[in-house]
Asker: 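Structure in structure tokens, see below.
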Amino acid sequence: MAAPMVEAPQGAPPPPGTTHDAEPPPEEPEALEFPPSALGRPPRPVWGAREEFAHRPHNFLRGCKWAPDGSCVLTCSDDNTLRIFDLPSPPAPPPGLPLPQLVPALRVPEGDTIYDFTWFPLMDSTQPHTCLVAASSRDNPVHLWDAFDGTLRGSFRAYSHLEEPVAPHSLAFAPDGSRLLGGCDGAVRVFPTQRPGRTGQERRLHQGGQGQRGLIGCLAFSPTQPLFACGSYGRSLGLYAMEGGGALALWPRLPAAPTHLCFSPDGNRLYAGGRKDRHILCWDLRRPEHPLLGLERWVGTNQRVTFDLDPTGRFLVSGDTEGFVAVWDTLTPPPGSGDPPLLPPHLRFRALRDCINGTSLHPELPLLATASGQRLFPAPWGSDEEGADEDGPPPGGDNRLQLWWWGPDPPGDDGWGTPGDTGTADDDCHPPGDADCHPPGDADCHPPMDADCHPSTDADCHPREDTDCRLSGDNGWDTPGDTRTVYDSCHPPRDTDCDVPEDTGINHPAYADCDAPGDAGCDPLRGY
């Protein structure tokens with residue numbers, strides 16, 4: 001069946017023959033200013049989607065991408081399905097409660113393993129004909145899906161010289177939406193967006209022993225110039241003019257095969273991250289001879305681990321295969337020399353125990369989406385039981401989409417602080433209903449029903465009936481005049497509801513943070 005024609009977005013994609021030189025320069029995106037206080041601490045999780053991906057065993061995610069207008073987020077998972085989650089309303093859960101579960105607004109199954117997926121760059125949810133998602137899967141044409149109802153809007157077919165179908169391993173739209181590029185073996189296919197079908201042209205990147213060999217695993221377009229970059233499984237990186245010709249710049253022997261590329265908003269910098277690599281490399285394209293920076297990031301697998309820049313181009317955010325998320329201030333000079341100079345993270349925090357293989361920053365809000373994760377076995381034939389410890393679930397048990405809030409608390413959000421709270425100081429310490437928010441150091445600041453809300457410097461504010469909120473410096477918990485701190489974080493001397501004599505090492509469910517009977521430093525049954 002012939003693929004339907006795709007309507008041209010009003011006033012956006014010019015005819016395929018139009019050059020970038022005739023176009024006005026793109027408008028600068030509105031700057032997203034992260035509050036300095038927020039960047040100094042990890043963001044807080046506000047929504048999650050774990051149950052959606054738990055219906056099939058080991059259904060890890062392959063990435064996530066916010067829509068260009070920020071109205072929804074797109075995910076790809078190992079069950080060969082694209083899912084679209086609408087941006088939820090602002091209410092956030094109080095501390096200690098489970099995250100609200102996101103439910104997809106749309107599911108689009110593909111026929112086989114999905115190699116890559118991307119949004120149409122001019123997507124605007126107020127104009128339904130622009131709401132398109134392109135996806136490439138094994139042994140299938142490139143499909144153009146409607147993001148509202150999941151119908152097929154068009155297909156782009158590529159064939160080898162033997163007339164066998166070819167599925168690109170990477171996809172990227174030109175910034176004006178007029179063309180779609182697909183990365184193949186030593187070549188890219190250029191498809192005109194307005195004419196689906198077998199209308200694409202092949203552009204070879206390797207000729208006469210020169211150029212890039214291997215599968216083109218990642219693509220990126222410059223936002224300010226008619227240029228695109230290609231990363232090859234042959235550990236090479238090339239920069240090309242959109243209108244044709246050879247490589248304008250070629251890096252033939254990188255430390256690792258690039259799997260993700262990203263241009264800075266001004267087009268002057270190019271970032272590349274590879275598989276089984278310890279760095280994200282950055283080049284200043286005005287001086288491309290040597291990398292400008294190296295951003296330390298641990299990737300221990302062959303999967304694609306994406307990263308993202310905020311709209312100002314200053315902060316880069318990436319996950320890694322150990323479950324950490326790191327933020328770099330790319331405008332900060334590196335502290336030392338080297339080739340390239342290494343820039344340490346401005347902030348690094350553990351998000352999950354599994355791999356974080358996708359990070360995407362919202363185009364307008366201080367909101368981060370993360371996707372996890374490729375299963376991490378402790379041994380080649382390990383199981384979920386192996387590798388589990390007291391710090392959390394076993395490897396492979398945290399596959400989900402998660403949204404993180406990186407800005408100040410919304411006004412009136414009494415689940416995180418009082419109205420007007422800017423996210424600093426005593427921000428996460430009060431449950432709903434506690435209207436008296438006090439700065440750290442105030443020793444008499446909490447009502448009797450407040451059991452989970454004390455800042456780290458508050459040592460003397462716990463009522464005797466408070467059983468969930470003891471700190472190591474609280475010497476008012478035990479007997480009058482007792483100054484011992486050996487078991488101040490445990491239970492009173494006559495507490496018999498914690499570690500009962502028949503307990504064999506597993507804590508009582510009601511006191512999960514207590515101590516086993518063999519702990520001689522903190523066992524109330526022994527009286528010390």
Asker: Does Arg204 come within less than 4.0 Å of Glu202, counting only side-chain N to carboxylate O?
Answerer: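 Yes, this pair counts.
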Asker: Determine whether a donor-acceptor pair (N or O, by modelled atom type, separation under 3.5 Å) exists between the side chain of Arg189 and the backbone of Tyr159.
Answerer: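 Checked: pair present.
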Asker: Please step through side chain to side chain contact (heavy atoms under 4.5 Å, CB included) for the pair Leu180 and Phe156, ending with a clear verdict.
Answerer: CA-CA 9 Å; Leu180 174 66; Phe156 302 95; 4.1 Å; yes
Asker: Return yes if some donor-acceptor pair links the side-chain N/O of Trp328 with the main-chain N/O of Leu343 below 3.5 Å, else return no.
Answerer: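 Yes, Trp328 side chain to Leu343 backbone: donor-acceptor pair under 3.5 Å.
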Asker: Is it the case that the side chain of Gln101 and the backbone of Arg50 share a donor-acceptor pair, with hydrogens and angles ignored and the cut-off at 3.5 Å?
Answerer: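 Flag set: sc Gln101 to bb Arg50 pair under 3.5 Å.
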Asker: Which heavy atom of Leu352 sits nearest to which heavy atom of Gln402, and what is that distance?
Answerer: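 Taking every non-hydrogen atom into account, CD2-OE1, 4.4 Å.
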Asker: Tell me the ring-ring contact (aromatic ring centres under 6.0 Å, His included) pairs involving residues 269-296, sequence neighbours left out?
Answerer: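 Residue pairs with at least one partner in residues 269-296: Trp251-Trp283.
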Asker: Strictly distance-based, threshold 3.5 Å: is any side-chain N or O of Thr130 a donor or acceptor partner for the main-chain N or O of Asp124?
Answerer: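 Judged by distance alone, yes, a pair lies under 3.5 Å.
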Asker: Between Asp146 and Arg153, is a salt bridge (charged side-chain N to carboxylate O under 4.0 Å, His left out) present by the stated rule, with each step listed?
Answerer: CA-CA 6 Å; Asp146 189 301; Arg153 296 277 294 274; 3.0 Å; yes
Asker: Test your reading of the model: is there a side-chain donor-acceptor pair from Thr259 to the backbone of Gly273, 3.5 Å cut-off?
Answerer: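 Indeed, once roles are kept as given, a pair shorter than 3.5 Å links the two residues.
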Asker: Do you know which two heavy atoms are closest between Ala371 and Leu61, and how far apart they sit?
Answerer: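 Of all heavy-atom pairs spanning Ala371 and Leu61, the closest is CB-CD2, 3.7 Å.
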Asker: How close do Ser232 and Pro258 get, counting heavy atoms only, and between which atoms?
Answerer: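 Distance-wise, the nearest heavy atoms are O-CD, 3.4 Å.
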Asker: Look only at the side chain of Asp284 and the backbone of Pro288, and say whether a donor-acceptor pair between them is shorter than 3.5 Å.
Answerer: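 Such a contact is absent between Asp284 side chain and Pro288 backbone.
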Asker: Output yes when a side-chain donor or acceptor of Ser318 lies under 3.5 Å from a complementary backbone atom of Phe307, and no otherwise.
Answerer: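 Judged by distance alone, no pair lies under 3.5 Å.
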Asker: How about Leu281 and Leu292: do any of their side-chain heavy atoms sit closer than 4.5 Å?
Answerer: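 Leu281 does not reach Leu292 side chain to side chain.
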Asker: Within the 4.5 Å heavy-atom criterion, are Ile114 and Leu82 side-chain neighbours or not?
Answerer: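 They are in side-chain contact.
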Asker: Looking at the rings of Phe315 and Trp406, which for Trp means the six-membered one, are their centres under 6.0 Å apart?
Answerer: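 No, ring centres 6.0 Å or more apart.
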Asker: With distance as the sole test, does Asn59 use its side chain to make a donor-acceptor pair with the main-chain N or O of Asp78 at under 3.5 Å?
Answerer: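 Yes, because the side chain of Asn59 sits within donor-acceptor range (under 3.5 Å) of the backbone of Asp78.
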Asker: Which heavy-atom pair separates Val108 from Gly150 by the least distance, and what is that distance?
Answerer: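 For Val108 versus Gly150, the nearest heavy atoms are CG2-CA, 4.1 Å.
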Asker: Using the side chain to side chain contact (heavy atoms under 4.5 Å, CB included) rule, take Val133 and Trp119 through it: C-alpha gap first, then chi angles, then the decisive distance, then the call.
Answerer: CA-CA 5 Å; Val133 173; Trp119 285 98; 3.6 Å; yes
Asker: Are the side chains of Phe117 and Leu74 in contact, using a 4.5 Å heavy-atom criterion?
Answerer: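 Yes, side chains in contact.
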Asker: Can you confirm whether the side chains of His260 and Arg304 place a donor and an acceptor under 3.5 Å from each other?
Answerer: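 No, no side-chain donor-acceptor pair sits under 3.5 Å.
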Asker: Verify the neighbour count for atom CD of Gln201: are there more than 12 heavy atoms of other residues, nucleotides or ligands below 6.0 Å?
Answerer: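 Counting other residues, nucleotides and ligands, CD of Gln201 stays at 12 neighbours or fewer.
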Asker: Determine, using ring centers only, whether His362 and Trp66 are less than 6.0 Å apart.
Answerer: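 Here the rings of His362 and Trp66 have centres that are less than 6.0 Å from each other.
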Asker: So do Leu250 and Leu237 actually touch side chain to side chain, heavy atoms under 4.5 Å?
Answerer: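 No, their side chains stay 4.5 Å or more apart.
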Asker: Got more than 12 heavy atoms from elsewhere within 6.0 Å of NE2, His55?
Answerer: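 Buried by this count: over 12 neighbours within 6.0 Å.
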Asker: Would you give the length of the straight line joining atom CG of Leu368 to atom CG of Leu403, rounded to the nearest 0.5 angstrom?
Answerer: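 These two atoms lie 8.5 Å from each other.
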Asker: May I ask you to decide whether Arg198 forms a salt bridge with Glu163, counting only side-chain N to carboxylate O separations under 4.0 Å?
Answerer: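 Answer for the salt bridge query: yes.
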Asker: To the nearest 0.5 Å, tell me how far Cys131 SG sits from Phe120 CZ.
Answerer: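 If we round to the nearest 0.5 Å, Cys131:SG and Phe120:CZ are 10.0 Å apart.
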Asker: Is it true that Phe221 and Phe173 have ring centroids separated by less than 6.0 Å?
Answerer: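 When the ring centroids of Phe221 and Phe173 are compared, they turn out to be at least 6.0 Å apart.
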Asker: Indicate yes or no: at least one non-hydrogen side-chain atom of Thr321 is less than 4.5 angstrom from one of Gln303.
Answerer: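 A side-chain contact exists here, since the closest heavy-atom pair is under 4.5 Å.
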Asker: Once you round to the nearest 0.5 Å, how far does OG of Ser222 lie from CG of Leu285?
Answerer: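 Answer rounded to 0.5 Å: 7.5 Å.
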Asker: Please check this pair: side chain of Arg203 against backbone of Gly245, looking for a donor-acceptor N/O pair closer than 3.5 Å.
Answerer: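 Here the side-chain-to-backbone pair exists.
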Asker: Looking at Arg138, is its backbone amide N or carbonyl O close enough to the side chain of Asn140 to form a donor-acceptor pair, meaning the two atoms are under 3.5 Å apart?
Answerer: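 Yes, the answer is positive, given that a donor and an acceptor are paired below the 3.5 Å cut-off.
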Asker: May I ask you to say whether Arg278 pairs ionically with Glu296, meaning some side-chain N is under 4.0 Å from a carboxylate O?
Answerer: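 The answer is no: the pair does not qualify as a salt bridge.
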Asker: State the CZ-CD1 distance between Arg107 and Ile84, to the nearest 0.5 angstrom.
Answerer: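 Between atom CZ of Arg107 and atom CD1 of Ile84 there are 12.0 Å.
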Asker: Evaluate Cys72 against Met123 for side chain to side chain contact (heavy atoms under 4.5 Å, CB included), listing each step before the verdict.
Answerer: CA-CA 11 Å; Cys72 50; Met123 181 268 188; 4.2 Å; yes
Asker: A side-chain contact here means heavy atoms from C-beta on lying under 4.5 Å apart; do Tyr115 and Ser137 qualify?
Answerer: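 No, every pair of side-chain atoms sits at 4.5 Å or beyond.
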Asker: Given the rule in the side chain to side chain contact (heavy atoms under 4.5 Å, CB included) test, do Arg269 and Leu293 qualify, once you have shown the distances and angles that lead to the verdict?
Answerer: CA-CA 10 Å; Arg269 292 187 177 189; Leu293 292 172; 4.0 Å; yes
Asker: Apply the side-chain hydrogen bond (donor to acceptor under 3.5 Å, both in side chains) test between Ser77 and each candidate in Thr75, Thr81, Asp79, Asn80; give the one that qualifies.
Answerer: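 Only match with Ser77 under side-chain hydrogen bond (donor to acceptor under 3.5 Å, both in side chains): Asp79.
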Asker: Rounded to the nearest 0.5 Å, what separates atom CD in Gln225 from atom CG in Leu239?
Answerer: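 Result: 8.5 Å between the selected atoms.
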Asker: Just so I know, are the side chains of Leu219 and Leu171 near enough to count as touching, which here means a heavy-atom distance under 4.5 Å?
Answerer: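 A side-chain contact under 4.5 Å is absent here.
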Asker: Looking at Asp116 and Arg62, is any side-chain nitrogen of the basic one under 4.0 Å from a carboxylate oxygen of the acidic one?
Answerer: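 No, this pair does not count.
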Asker: With no hydrogens and no angle check, do the side chains of Gln212 and Ser236 hold a donor and an acceptor under 3.5 Å apart?
Answerer: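 A donor-acceptor contact under 3.5 Å links the two side chains.
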Asker: Does any part of the side chain of Leu205, heavy atoms only, come nearer than 4.5 Å to the side chain of Ile216, both counted from C-beta?
Answerer: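 The answer is yes, as the side chains (C-beta and beyond) meet within the 4.5 Å cut-off.
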Asker: Does the pair Asp320/Arg297 count as a salt bridge with the N-to-O cut at 4.0 Å?
Answerer: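 Answer for the salt bridge query: no.
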Asker: Checking Thr370 against Trp404: is there a side-chain donor and acceptor pair closer than 3.5 Å?
Answerer: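 On atom types as modelled, these side chains qualify, holding a pair under 3.5 Å.
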Asker: Of all the heavy-atom pairs spanning His143 and Leu152, show the shortest one and how long it is.
Answerer: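 Closest pair (atom of His143, atom of Leu152, distance): CB-CD1, 3.7 Å.
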Asker: For the side chain to side chain contact (heavy atoms under 4.5 Å, CB included) test, which of Leu270, Asn268, Leu309 pairs with Phe263?
Answerer: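 With Phe263 as partner, side chain to side chain contact (heavy atoms under 4.5 Å, CB included) holds for just one option, Leu270.
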Asker: Taking all non-hydrogen atoms of both residues, which atom of Gly182 and which atom of Pro168 are closest, and how far apart?
Answerer: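 Answer, listing the atom of Gly182 first, then Pro168: CA-CB, 3.7 Å.
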Asker: So, taking the atom named OH in Tyr240 and the one named CG in Leu248, what distance separates them when rounded to the nearest 0.5 Å?
Answerer: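 Separation between the atoms: 9.0 Å.
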